[in-house]
> 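Structure below; questions to follow.
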Amino acid sequence: MKPAAMIPVVLERLREKYPDAKYELNWNTPYELLVATILAAQCTDERVNRVTATLFQKYPGGPQALADADTAELEEDLKPTGFYKQKTKTVQAMSRALLDDFKGKVPSRMEDLVKLPGVARKTANVVLNTAFQQASGIIVDTHVARVSQRLGLSKQEKPEAIEADLMKLVPKEDWTFFGPAVVLHGRYTCIARKPKCAECLLNDVCPKLGVAA
DNA sequence: CTCCCGATAT
DNA sequence: ATATCAGGAG
């Protein structure tokens with residue numbers, strides 16, 4: 001089955017299983033979502049939510065508090081999310097850039113967002129799709145990348161190239177659903193190490209590329 | 001391409 | 001022992 005013909009099937013079945021697929025990160029403001037998304041690199045949402053729950057109480061009011069925070073102390077706060085020195089540096093630099101260049105407000109344009117330290121298209125798309133209801137693009141994280149390759153929707157390796165392929169295939173009105181839904185499918189069914197092909201809702205249309213028989 | 005970080009599955 | 005986990009920077 002050709003990729004273009006698979007898309008309606010994929011969308012229909014994912015909608016049935018995950019009717020209201022959305023990101024499981026907790027947030028109250030675009031800024032909180034941006035920080036949470038940065039912290040989510042190589043880390044589960046559940047762990048991020050535990051950290052941010054106390055983090056935004058301790059550093060309230062947006063980017064100023066985190067920009068001004070003591071770095072060593074913030075490192076301890078972020079430690080459970082892994083890559084904590086890197087993430088501390090990134091979150092503080094991003095917060096300062098927000099204050100310096102955007103009056104402390106999270107910009108709602110892709111071209112502005114990706115200028116922020118620690119923000120590339122994946123993170124920007126999460127913020128735009130989720131907080132600003134904007135179909136700026138399709139979120140391509142490790143799950144979306146893997147599932148897209150296995151389904152034969154893209155043969156590319158780089159996330160940006162995969163996103164470009166997907167944007168041609170998936171109708172724009174489905175972009176904000178496609179990302180989160182495929183993430184869930186990738187996390188719970190089309191698992192990296194040991195995909196559950198037997199119980200997969202797409203196993204009849206999947207070419208099973210890259211999956212051990 | 002490597003590094004950042006550490007836990008867990010295989 | 002190695003791969004992977006909601007990536008991005010140098």
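Every chain is numbered from 1, with letters handed out A, B, ... down the list of sequences. Since we're looking at a predicted model, the values are computed, not measured.
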> Give one of base, sugar-phosphate or nothing for A/Val144, where a contact means two heavy atoms less than 4.0 Å apart.
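Contact class for A/Val144: none.
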> Between C1' on B/dC4 and NZ on A/Lys89, what's the gap in Å once rounded to a whole number?
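Checked: the NZ to C1' distance equals 9 Å.
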> Does any N or O in the side chain of A/Trp175 come within less than 3.5 Å of the main-chain N or O of A/Val170, such that one atom is a donor and the other an acceptor?
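Here the side-chain-to-backbone pair exists.
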> Hey, is A/Glu111 close enough to A/Lys115 for a salt bridge, meaning N to O under 4.0 Å?
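Answer for the salt bridge query: no.
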> Measure the distance from OH on A/Tyr188 to C1' on C/dC5 and round it to the nearest whole Å.
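Spelled out: OH on A/Tyr188 to C1' on C/dC5 is 13 Å.
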> With a non-hydrogen cut-off below 4.0 angstrom, is A/Thr123 in contact with a base, only sugar-phosphate, or nothing?
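Since only primed, P, OP1 and OP2 atoms lie under 4.0 Å of A/Thr123, the category is sugar-phosphate.
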> To the nearest angstrom, how far is A/Arg47 atom CZ from B/dA7 atom P?
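Answer to the nearest Å: 8 Å.
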> Would you tabulate the nitrogen or oxygen pairs shorter than 3.5 Å linking the protein to nucleotides 1-4 of chain C?
| unit_1 | atom_1 | unit_2 | atom_2 | d |
| --- | --- | --- | --- | --- |
| C/dA3 | N3 | A/Arg193 | NH1 | 3.1 |
| C/dT4 | O2 | A/Arg193 | NH2 | 2.8 |

> Give the rounded distance in Å between these two atoms: NZ of A/Lys87 and C1' of B/dC3.
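Checked: the NZ to C1' distance equals 14 Å.
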> Output the rounded distance in Å from CD1 (A/Ile38) to P (C/dA9).
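In whole Å, C/dA9 P lies 9 Å from A/Ile38 CD1.
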> Just how far, in rounded Å, is P of B/dG6 from NZ of A/Lys79?
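Rounding to the nearest Å, NZ of A/Lys79 and P of B/dG6 are 7 Å apart.
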> Taking only residues two or more places apart in sequence or in another chain, which ones pass side-chain hydrogen bond (donor to acceptor under 3.5 Å, both in side chains) with A/Tyr84?
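Expected list: none.
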> Can you work out whether A/Glu24 or A/Gly118 has the more 5'-proximal nearest nucleotide on DNA chain C?
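By nearest-heavy-atom nucleotide position, the 5'-most residue is A/Glu24.
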> Let me check something: any side-chain donor-acceptor pairs from residues 91-99 of chain A under 3.5 Å, sequence neighbours excluded? List them with distances.
| unit_1 | atom_1 | unit_2 | atom_2 | d |
| --- | --- | --- | --- | --- |
| A/Gln92 | OE1 | A/Thr71 | OG1 | 2.8 |
| A/Gln92 | NE2 | A/Leu66 | O | 2.8 |
| A/Gln92 | NE2 | A/Ala69 | O | 3.0 |
| A/Ser95 | OG | A/Tyr31 | OH | 2.7 |
| A/Ser95 | OG | A/Val91 | O | 2.7 |
| A/Arg96 | NH2 | A/Ala67 | O | 3.4 |

> B/dC5 base stacked by A/Phe83? Criteria: ring centres under 5.5 Å, plane angle under 30°.
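Here the ring of A/Phe83 and the base of B/dC5 are not stacked, as the 5.5 Å and 30° limits are not both satisfied.
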> P atom, C/dG10 versus B/dC5: distance in rounded Å?
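Going atom to atom, P in each nucleotide, I get 14 Å.
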> Regarding A/Arg121 and A/Glu163, does a basic nitrogen lie under 4.0 Å from an acidic carboxylate oxygen?
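Looking at A/Arg121 and A/Glu163, the cut-off is met.
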> Looking only at side chains, do A/Asn129 and A/Thr176 share a donor and an acceptor under 3.5 Å apart?
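No, no side-chain donor-acceptor contact under 3.5 Å.
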> Report the distance from atom CD of A/Glu75 to atom P of B/dG6, rounded to the nearest whole Å.
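From A/Glu75 CD to B/dG6 P: 11 Å.
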> Whole Å only: how far is the NZ atom of A/Lys158 from the C1' atom of B/dC1?
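Spelled out: NZ on A/Lys158 to C1' on B/dC1 is 12 Å.
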> Kindly compute the distance separating NZ (A/Lys87) from CG (A/Leu78), expressed to the nearest 0.5 Å.
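Reported value, rounded in 0.5 Å steps: 8.5 Å.
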> Taking the nucleotide of DNA chain C with the closest heavy atom to each, which residue, A/Asp141 or A/Thr90, is nearer the 5' end?
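Counting from the 5' end, the first nearest nucleotide belongs to A/Asp141.
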